[in-house]
Each structure stands twice: as structure tokens, then as C-alpha cells.
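Here is the structure we will look at.
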Protein chains: 2
Amino acid sequence: MAARPPVVEFALTVNGNDAYPAPGARNEQLPRAVTAVGLTAVIVAVTDETPRILSVRSVTPERGDGAGGDALPFGPFDPEQHRTLDSGLRRLVAEQTGLDVRYVEQLYTFADKDRHPDERAGGSRLLSVAYLALTREQPVSGSGDVHWCDWYGFLPWEDWRFGHPACIDDPIRPTLLRWIDAADDAGKRRGREERAGICFGLDLAPWDPVRVLERYELLYETALVGEAPRNRSNSAAAALPGAAMAFDNRRILATALGRLRGKLAYRPLVFDLLPGEFTLFRLQRVVEALSGQRLHKQNFRRTLAANALIEPTGRMQSEGRGRPAELFRFRRAVLRAKPTAGVAMPTLRPAP
Amino acid sequence: MAARPPVVEFALTVNGNDAYPAPGARNEQLPRAVTAVGLTAVIVAVTDETPRILSVRSVTPERGDGAGGDALPFGPFDPEQHRTLDSGLRRLVAEQTGLDVRYVEQLYTFADKDRHPDERAGGSRLLSVAYLALTREQPVSGSGDVHWCDWYGFLPWEDWRFGHPACIDDPIRPTLLRWIDAADDAGKRRGREERAGICFGLDLAPWDPVRVLERYELLYETALVGEAPRNRSNSAAAALPGAAMAFDNRRILATALGRLRGKLAYRPLVFDLLPGEFTLFRLQRVVEALSGQRLHKQNFRRTLAANALIEPTGRMQSEGRGRPAELFRFRRAVLRAKPTAGVAMPTLRPAP
DNA sequence: CCGATTTATGCTCTCATTGAGCATAATAGG
DNA sequence: CCTATTATGCTCAATGAGAGCATAAATCGG
């Protein structure tokens, strides 16, 4: 186990600011309790019909305060080195993983108190800007124990490609029912019932693949039912089905998956996860992997053709059985053409 | 003019962190050049068919470095006082404006270098988390010169309710054409042509109300054509049509408008801008004000009815001329029911 | 009081999109 | 040759969105 580094003290000079027009606060200074700013990356690739994210294994696996297990690549944002957050993130990813990232998008900024255990003692606050990054899968060459993990290992209820996920029937539904029953009055109970129904498509509403974050937050909330008060909020995350992750990293994963699924429908992001040439079937498999549901093959291709998203290369791929498929490439032109050029994201279909 | 407050020095103790799993950076400390964190609020209301944002008039209007003119409400994020960014923002808005904000959503985190002029001297970096907040219009009671401004005063090319905006024909189109011609080779020229066409719907693509940020960034980029090199990047913002704003505040406005327009279509946000009871016509006017385009009245109402977004109160409103309209209220139930319950956002229609 | 104007509201028609299924073609493997 | 597997073309029905017609109920200016 690594030696704990010494507590570091450093001084900071901040200019008071009379030019910034914050009335009523004009002569106040910038905040006294300074916040440390970090970057967190959700780096995504898809191989063999499995969506994967890049994870870092912690040295101290079972500390019990959320620091154990896998964690997302993270690093400080150094304003002296980087002119923008984006460039800071690209540098961070390059250093930690050696990956060539093809697409980068800011997701959300997290700064909740106690999201990092060391904050409690230190007094400073850790604010972290989360990013989504897409890449073709490739070996990682970074320093440290970095590796690809199945995304659905952390959010198993999100994968409907092989039918109704088992964990919904077993741990999730009973927990939700207990949570519903634990409501004070009938009105509140009805409200909880509706919320659960919508999130998990239990009755009225159909399953909406995009509502990943809502589902995660509902599960996080309900996992506390019947547990010890709220002394260790990380115990909620640990009680969820699926593999645990450090701190609030699973929440970030959920944010990323929801955003990616939503954007798939109107932006041609998939192609940043694919090699330059691919069969239509492979493209479909990648979309299915990300959206977590099966697609109707003919309709999928019809949408591709209608949007002119792809163009044939003329070459054929003949490995494996079945009729050989033509190889296609992405038509870069559509990046600048259609306002909304995405691949189909239909409602859930029954398993084949 | 307010006296410039003295430079403040303060010390900060940060715990080094051996538990946080950033491999290869494990024994590094948190960033040395600490970033100051602020919150910026885009507070929106709609009156008399005009979308308005809350603005703060600067004390030093014409400094020439971007500090002059209007600015968005801004304040430091104090991690000692606030457990979350959201609560910090609500407090900030309450203090500076006295408004009762009904909806709050994080937009984006801005940290580009030189976005704030005082950074250059001070050495610290200002990172600001921008928020969108919706409210019913009401008098502001905050300390300082806070007032409502027409949103389209800052982004005049976004309002198509009264036909093709004049500023597109006069300053914008010629500037774009010059920018296209200034491209090095034919391929690049074609690319620029396409980009401009898509953003402003010049030829092939229709006008997409949601692409507010893309348009702003294109204008910001092209406004530099034919100007002095790039010593003062704020000159680009000043050269744009529409009223200027401090720093990168117009970019934040564009981000907010795009996000709001996009979400209107699948989330019932409008009702946070309306009183408890309203006529369907008023509701339509508010949606038109935000989307910047006219809607087909019958189809608009059909969508409302189909989604069961509203319910009649039985009361009638009879002021002004014309047949009195029935008053409706928002059906709160749909907040939890339909996955996508928004109001119609059709493609652009010719002016009436 | 009348007619012009303004707003509310109901209904229809058409076209594009999309979910779903049928049918056929081309390959590998036994 | 027969079967499994994948590719690909085509049709059909339901839905939703854009556009327009028609009618009802009020105000306003004579």
C-alpha cells in the first residue's frame, strides 16, 4: 500500500474583482474555501457486441468508504497547463491510457459534499467535471492498472438485448415494492408507484432506454430502505445490483450512458466507435450494444439509407457463415448536412 | 466607480490523497494553481410574448475588455455554505434577485482561459458553472441594478416570429460570404459553405431553432474575418449583431436558449413560466416566444390534448376582444407519466 | 343595432415516418 | 442436396404532423 503523502499547504493569491458585475457582492472576494477541480473521463469503446468503459483498479480495494473497487480515470485540472477543460481532458486521457480518443463531450459537473471521502477531513471540496469520450477499442498503454470493463457490469438492469434483465425481477422489484409500501400516506404511495413504473416500465409506460440516470437515482434512493440511517451514503451504492464503483462514479456512468443513448438518435456518434470500414450488421450490433435493445434489421437499414449516413466501399466481407456482407464507410458529409442525422432508436422490442 | 478592493491572500490546506485511484498520478497532489469556482445564472421569464433574461448592469460600462454592458448574475460558489451546486445557485439567485425560481438545471461548465480579463493579471483561473433557471416574471427586489432584458436583444437572429430577421440579410450574410471566400482551397470553401448553410438555413437545410450555440459560434468565428489578428478575442463578440454582453456571457445565453428550446419539445417546462391558470393562446405565445417561431394553432392544441398536458378549470377569461377563452391549468400528473411529454415544436413556418 | 375584426374550437385531408412482417438471395457446412 | 445463417428488397398498417376549411362567440367603431 502506498505511503500516504504528507498534507500539502500552499498559498494562493486571488485578485479581488471590482469589474465583475455581481451587485451586492461587488466588494466581496472570491470564495474563501477554495474548491479543487478535477476531471473524470468515461471512455467508451465497443467490442464483440459489448460496450466497455475504461476503468482503473484501486490499490486499496476494500476500504468501505467508497474508495475501493474500480474507478473512472481521474486527474486534476491544471489551469496553468491547459487553456480549456477539453484540452485538459485529452491530455489526461493520453497520459493515463495512451488512447487516441475520437470524440469528447462535457457531461456534467459534480460537486456534492462528501462525494469524496477525504473531503470530510481536509475541509476542501472536490469539484469534478465529467466527460464522455469515444474511441475504437485498442490496447491501453497507460501507467497503472487500466483495463476495459463491461459497462453493463455496473448497470446490469440497462441491458435488454437478451430479454428482461434478471436483476429487475429479483433484487429490484421487491426493493421498489418495499419502498412504495414504506410511504406515509396513500398519495405519496401513488406517487412512488408511478415513478417506479415509469422508470422501469413496469406497467403503463414503456421502457425508455434514455432514462438511465433517473433509474440509477431511483435505485440509489430505494436501496436505503431498511438500512441503517444515513451515516454512510456509499452503502446505498454498494447495495445496488451490479458491480460497485468508487465514490459517485456509477452515477457518472449512468449520466454518460443516458447522454450517449439520447444522442445516438440524432448524431452520428456510433462511427467514432467503429473502424473505417464495417458491415451494416456490425454497425447495428454496436447500436444495439449501446441502446441495450434489439433493433429491427430492415428498418434500421432503411433509416441509414434514408439519412444517407453511409456509402458502400464495393468490397465484401466474407468471414463466418452466411451470405457475405458489403463493407460500408461513414459518409463524412452528413456531419455537416442534416440537422438530425442519427441512427434509429426505436422503442423496445421483444427478444428474438 | 467603486474602489478596487485589495488583493487578498489566503492559505488553503489540501489533503494529499493516496486513496484516489489515479494511477501514475497517485502521489501527485491536487492542482497547484487553484481554480476559483463561480456560478452563473440564466434566469428566464416571459411577459407579453417577449422572452426575458435577468441582467445586471455593470458599473464600468466601457472598459473595452468585455467587462462593460450587461452581465448575467454571477457569484462565487462557497463549498463551506453549500452542499451542492444546485443549492448554491438557488441561494445566489435569492440573494441577488429575490426571485422565486421554479426550475433549475445545470447547463455547462466554462473554464476557457482569458474568459475573464482579470485572470491574466491574477494568475488564478475562473471556472464557472452555468445554470438555467425558470421563473414567472415578477419584480426583482435584489440589491444592485438588476433588470429584465429581451433575450433576443442579445441574439436577434434567433427570432423568426415576425419573419426573416433583418440582421441575417444585412450584417450576417455578407460576413459569412466573406468568410467563405477567405478559405484557402476549394474544399475548405465548400465546407464553410455547407456549415453556414446548415446553421442559417440559407439553402438546403431548414432553420433548426435548437442550433443556437452552433450559430453563435459560427458568428463569433466569422466576426473575426478582416479584423486585427487575435489580440483581443472579445472584439469578435463586440462585432456581432445584437447587444453586447460581458465576457463570454452571450455564449452562455446561446447555450441556455438552445437547451431550453430542445427540452421544450419533450419536457413540460413552459408551465414553470406561466401562472397557475392560463388560456391556451397565452401558452402558445410563450412557446412561440421561446422557440422563436409561429405555431399552427389547431395543431398546437391537438398536441396538447393528445398528451393530456392540461385540464380545463371551467372558468373563462374575457378581457380584450374576441371570443372569451377557457382557462386551463397544467396537469401535474403527466410530469410522472409520459416519457416524453412536451409541447409541439414544428419546423419553421412562413410568417402569418 | 350592424358589420368588421378578433379569437376560440372542431373537423378533415394528405403526406411522411415508423413498426412489423413476408419473401428471396447468397453463402458455409454437413 | 439440405439446413442454418446472414443479406436485402418490398409491402402494409398505424401514427403523427403540417395545412387548411368552417363555425362560434366575443369586442369595437360606426
Side-chain angles (χ1 to χ4, degrees), chain A residues 49 206-209 265-266 277-285 287-288 291 293-310 312-328 338-352, chain B residues 49 206-209 264-266 277-285 287-288 291 293-328 338-352:
Chain A
E49 314 184 9
W207 176 266
D208 183 353
Y266 64 98
E277 298 190 356
F278 46 84
T279 67
L280 297 186
F281 193 55
R282 174 148 187 213
L283 172 60
Q284 182 177 345
R285 285 303 190 210
V287 175
E288 289 176 340
S291 67
Q293 54 185 5
R294 294 280 170 219
L295 300 176
H296 184 122
K297 189 192 288 196
Q298 293 92 324
N299 294 344
F300 179 75
R301 295 179 181 210
R302 180 175 53 185
T303 307
L304 289 174
N307 294 357
L309 277 170
I310 46 169
T313 65
R315 269 185 299 278
M316 306 292 274
Q317 185 208 48
S318 57
E319 53 184 48
R321 48 200 158 198
R323 173 171 164 179
E326 192 167 5
L327 285 167
F328 288 79
K338 302 267 284 187
T340 58
V343 290
M345 271 277 283
T347 56
L348 185 66
R349 303 184 53 257
Chain B
E49 315 183 10
W207 176 266
D208 183 352
L264 269 190
Y266 64 97
E277 298 190 358
F278 46 83
T279 67
L280 296 186
F281 192 55
R282 175 148 185 211
L283 172 60
Q284 180 177 347
R285 286 303 189 209
V287 175
E288 288 176 342
S291 68
Q293 53 185 7
R294 293 280 170 218
L295 301 176
H296 187 264
K297 190 192 290 196
Q298 294 92 324
N299 294 344
F300 179 75
R301 296 179 180 210
R302 179 176 54 185
T303 307
L304 289 175
N307 293 358
L309 277 171
I310 46 169
E311 57 193 3
T313 65
R315 268 185 298 277
M316 308 291 274
Q317 185 208 48
S318 56
E319 53 183 51
R321 47 199 158 198
R323 175 173 161 178
E326 193 169 4
L327 286 167
F328 288 78
K338 303 267 285 189
T340 58
V343 290
M345 272 277 285
T347 56
L348 185 67
R349 304 185 50 254

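Residue numbers start from 1 in every chain, and the chains themselves are labelled A, B, ... in the order their sequence lines are given, proteins ahead of strands.
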Q) What string of B, S and - do you get for nucleotides 9-17 of chain C, 5' to 3', when a contact is any protein heavy atom under 4.0 Å? A) BBBB-----
(Q) I'd like to check Q293(A) versus E288(A) (side-chain heavy atoms, cut-off strictly below 4.5 Å). Are they in contact? (A) no
Q. So how far is it from T303(B) OG1 to L309(B) CG, rounded to the nearest 0.5 Å?
A. 9.0 Å
Q | Reported CG-to-CZ distance for the pair L295(B) and R285(B), which is rounded to 0.5 angstrom | A | 9.0 Å
Between [atom2] of [N] and [atom1] of [X], the distance in whole Å:
| X | N | atom1 | atom2 | value |
| --- | --- | --- | --- | --- |
| I310(A) | dA7(D) | CD1 | P | 12 Å |
| F300(B) | dG18(D) | CZ | P | 13 Å |
| H296(A) | dC12(D) | NE2 | C1' | 12 Å |
| F281(B) | dT27(D) | CZ | P | 17 Å |

Q: Dump the intermediate steps for side chain to side chain contact (heavy atoms under 4.5 Å, CB included) on T279(A) and F328(A), then the final yes or no.
A: CA-CA 6 Å; T279(A) 67; F328(A) 288 79; over 6 Å; no
Q: List the steps and the verdict of side chain to side chain contact (heavy atoms under 4.5 Å, CB included) for Q284(B) and V287(B).
A: CA-CA 5 Å; Q284(B) 180 177 347; V287(B) 175; 5.8 Å; no
Q) Who pairs with E326(B) by side-chain hydrogen bond (donor to acceptor under 3.5 Å, both in side chains), at least two apart in sequence or on another chain? A) none
